[in-house]
Amino acid sequence: MKKNKTLLIVLVILLAVAAYFFATKNSNTLKTREGVLSDFAIEDTTTIDKIFIGNSTGENVTLTKGSGNDWIVDGKNKARPESISILMKTFARIAVKSPVSSAAFKNVVTSIATQSVKVEIYQGNDQPSKVYYVGESTQNHQGTYMLLEKAGVKSTEPFVMYIPGFYGYLTTRFYSNPLEWRDAAVFKYLAGEIKEIKVDYFKKPEESFTIKQNGLSTELYNNQTSQLVENFDSLTLKTYLSFFDKAYYEGVVLEMEQTKKDSIIASEPYFSIRVTDIFGKENKMVGYFIPNRNNPVSEDGTSYPYDLDRMYGYFNDELLVYIQYNMFDKYLLPKSYFNKK
Amino acid sequence: MVKHNHNNRNRDLITLIAGVIIVILVNFIGSFAFHRFDLTSEKRYTISDNSKDLAANLDDIVYVKVYLEGDFPAGFKRLRDETREMLDEFRAYSNGFIEYEFINPSEDPDQKVREDIYKQLYKEGLRPTDLNVKEEDGTSNKIIWPGALVSYKGQEFPVQLLKSQMGVSPEMMLNGSIEALEYEFANAIHNLKVFEKPRVALIEGHGELDKVETASLAMSLAESYTVDRIAINEELSSLTERVIVDSTREYAVINKYDAIIIAKPTQKFSEKDKFVIDQYIMFGGRVVWLIDPVFASMDSLQNADVSMAIPQDLNLDDQLFTYGVRLNPTLIQDLQSAAIPVITGRVGNQPKQQLFPWFFFPLLTSANNHPIVNNLNAVKGEFTSTIDTIAKPRIRKTGLLKSSKYTKVSNTPTRISLGMLRYEPDQSQFNAGHQVSAVLLEGYFESVFKNRIAPEILNSNEVNFQQESKFNKMVVIADGDIAKNFVNPKTSQYYELGFDRFTNQQYGNNDFMLNVVNYLCDDSGLMGVRSKKLTIRLLDKTILKKDKFKWQLINSILPIGLIILFGLAHYYDRKKKYTK
């Protein structure tokens, strides 16, 4: 019995040692360093249901997973799907490029402590599963200094992070302005979903028009007289309706004082497009010319009064954005365009 | 009584099971615990003192990303395991400054992502290997990246773990690669640690290989050296710098370059240029001489069927003779040679090309186990000559490259004709045996200008003429083309040094040149690690084939037979014991 007892004690000790080695077994020695967290990547990004991104100035955004693949910005608007996709790919593929050199260590730690972007990743719990502190890029812009926190404990060492196969730094993927995260879609309708489109030209009100869909009929109205236009080309009109399947603004006007924004909104617009869908929900874009700042001149030397590429757009009476003629020209057709030829 | 027996049986059973589990656990723990009793005769698991010092003197983390993870053949798994063990060995002496990670670059299921990763690895300096993997429904092609990226203080250095060698079995190639692991990692760490890169100059002004022709070599050297091109122009200050020492008011001579490369000069050296080089050597400068003692060129054969190879006088014979070698105005013809394409006819209106071995392009192999050439791929020569060594006391001569034993040596002038390709070579003429065409000289060199210079120079304080060098080294190669990369005349693009565009074969020219410069510039003895030799203990395939059935029987029947015998003996022993 005594012999068996000794044998069992030896067995238990060996089991414990084996379990320790098995638990610490990996092909990455960084993981064995005490206090060092380097497993930034998230294997299954489908389990992520909330992301918080905040910077040192107090600006922050919370992205939450909605129904299907949609993500919601601060509980209100849909998030840009392509930005979410990039973020998820980043979480999945991020890897350690190298440890931070001892010469740069102190500066990097200070910089991360004072100027980093904090990224909290939630996977079904109230507490974030991982928190990234995203610092600046390395000198050659091929890596990004980052520090990982798990279960409320920060890593003792930051790392130079990168995405294998990608050239560049990652800081720009973690922006904290909610406006930048908003889906840039302005109009996204199937032709059958549209109930009414009202287009107004403020300098040429006689060319303003309204298209109304009622059941199977599509009608064109003169906005000045509210009269039905009789002689229109229905095929041209249907084609026009099909354009509303995807229209995007270029970006939000961020670097502008509110007073200037107010003065733009108060000025006379070039156009206004108001689309009402069959559920009564409305989307409106009002366009304003941008004065010609880059000063390109025509062949005869005369200067163009307005920017040749883009306009300001005031989206749904809340967001001043840049819109491109390239995208919006097809919506800005005069009423006469629909006349039967 | 019955209960007692039952207890005994239970106790024995527990003892047996516990014993088996203990054995399994001890083995399992042993696979993790890093401690090595190196009982191998060649001490294959013990790193050299130089490597230990290198690891021990680290002051920042060296991070090694090894791209050898995933599912691949057993040979590569062995390379991976040996790499891990080598890194563990370095790590053990590094005070925690060496970290590594094994990465599978083919892990991502997205093909585009994989391709992006491959492109990045290629750009970083790693090279892939194509593998044909046998599967149930045929074979599939697999790309693996047997390499590592070593980073230190924000800088990265590529390490190619698999060293390809021509005409060598895969087992030998893997063994060679494993032998080279220690040097490769030590060299990478050494290169990353060196704050100021050593300076190397390619000499010009005597019709040497131009910038494009040495572009590949310069690029490879630039990873570890600052590379310049300079013309000597008969100026003493081109290779050395003379500064007045405040305390002695005398001139101290400092070499501007750690090594110079004289690659395929075609014009005579003036006595003054020779003097500049000589004094550079006397003050410890290292030189790689790549000299063609015979003028022969494939360009001449483009227009005419026959060309003459004639001796080339570069006015260097006396200098090299004084240092310990003589370049012979001969040409090596070797049955082991590279191939060239020859138009053999026409198919429709298209010329039909065929590859023929061109005996004037010998494939030179290692002459011994010296660190410069150990485990080196064959080096492609073009119109290579032979070298004789001269009996010079205090100079050690080591042959580096040699032709195969099927060599013919032609004296010059001699006729070179493509027509030779039409006939089968007469093998009896290729009986000169191995011929050395690259030699390492180490020791105390005597100046070629000793007892030859005017008193005003001899007594000049500024010149500070030296008659004999301190311990120094140089390499003399009787073929300038070894350092020449192919340049596409239409696009001016250059190929990697040693790459044969006709056969897509990569020869060892680049590695050889790098090893030569590394050896000449290395005073730490790190290059010595390259000569480490591991004994490959492979099964004798001939015996294996012949006695396959016998060995199969021995392996399968003998153990079972022994167990049955033991069981029977035990049974009869017990029977005999308890029937009494």
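Being a predicted model, the structure only gives us computed values, none of them experimental. Numbered from 1 within each chain, the chains take letters A, B, ... in sequence-line order.
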Out of curiosity, [X] [atom1] to [Y] [atom2], how far, rounded to the nearest 0.5 Å?
X	Y	atom1	atom2	value
Ser101(A)	Tyr152(B)	OG	OH	9.5 Å
Ile61(B)	Arg33(A)	CD1	CZ	3.5 Å
Thr29(A)	Tyr63(B)	OG1	OH	7.0 Å
Asp116(B)	Ile163(A)	CG	CD1	11.0 Å
Lys89(A)	Asp110(B)	NZ	CG	7.0 Å
Leu25(B)	Ile13(A)	CG	CD1	12.0 Å

Please determine whether the number of non-hydrogen atoms from other residues, nucleotides or ligands lying under 6.0 Å from atom [atom1] of [X] exceeds 12.
X	atom1	answer
Gln123(A)	CD	yes
Glu107(B)	CD	no
Gln493(B)	CD	no
Lys77(B)	NZ	yes
Tyr169(A)	OH	no
Met219(B)	CE	no
Glu82(A)	CD	yes
Tyr122(B)	OH	no

What part of [X] gets closer than 4.5 Å to chain B, counting heavy atoms only: side chain, backbone, both or neither?
X	result
Thr138(A)	neither
Lys97(A)	both
Phe105(A)	neither
Phe159(A)	neither

Let me know if [X] has heavy atoms under 4.5 Å from chain A in its side chain, its backbone, both or neither.
X	value
Ile22(B)	both
Gln155(B)	neither
Lys65(B)	side chain
Asp108(B)	side chain
Glu156(B)	side chain

Which one of Glu69(B), Arg114(B), Arg91(B) has the most heavy-atom pairs closer than 4.5 Å to chain A? Arg91(B)
Determine the option with the most heavy-atom pairs under 4.5 angstrom with chain B, choosing from Leu15(A), Val10(A), Leu14(A). Leu14(A)
Side chain Asp60(B), main chain Ser102(A), donor-acceptor under 3.5 Å: yes
Do Gln120(B) side-chain atoms and Gly165(A) backbone N/O form a donor-acceptor pair below 3.5 Å? yes
Show the numbers, then the answer: is there a side chain to side chain contact (heavy atoms under 4.5 Å, CB included) between Glu99(B) and Val96(A)? CA-CA 12 Å; Glu99(B) 303 286 358; Val96(A) 172; over 6 Å; no
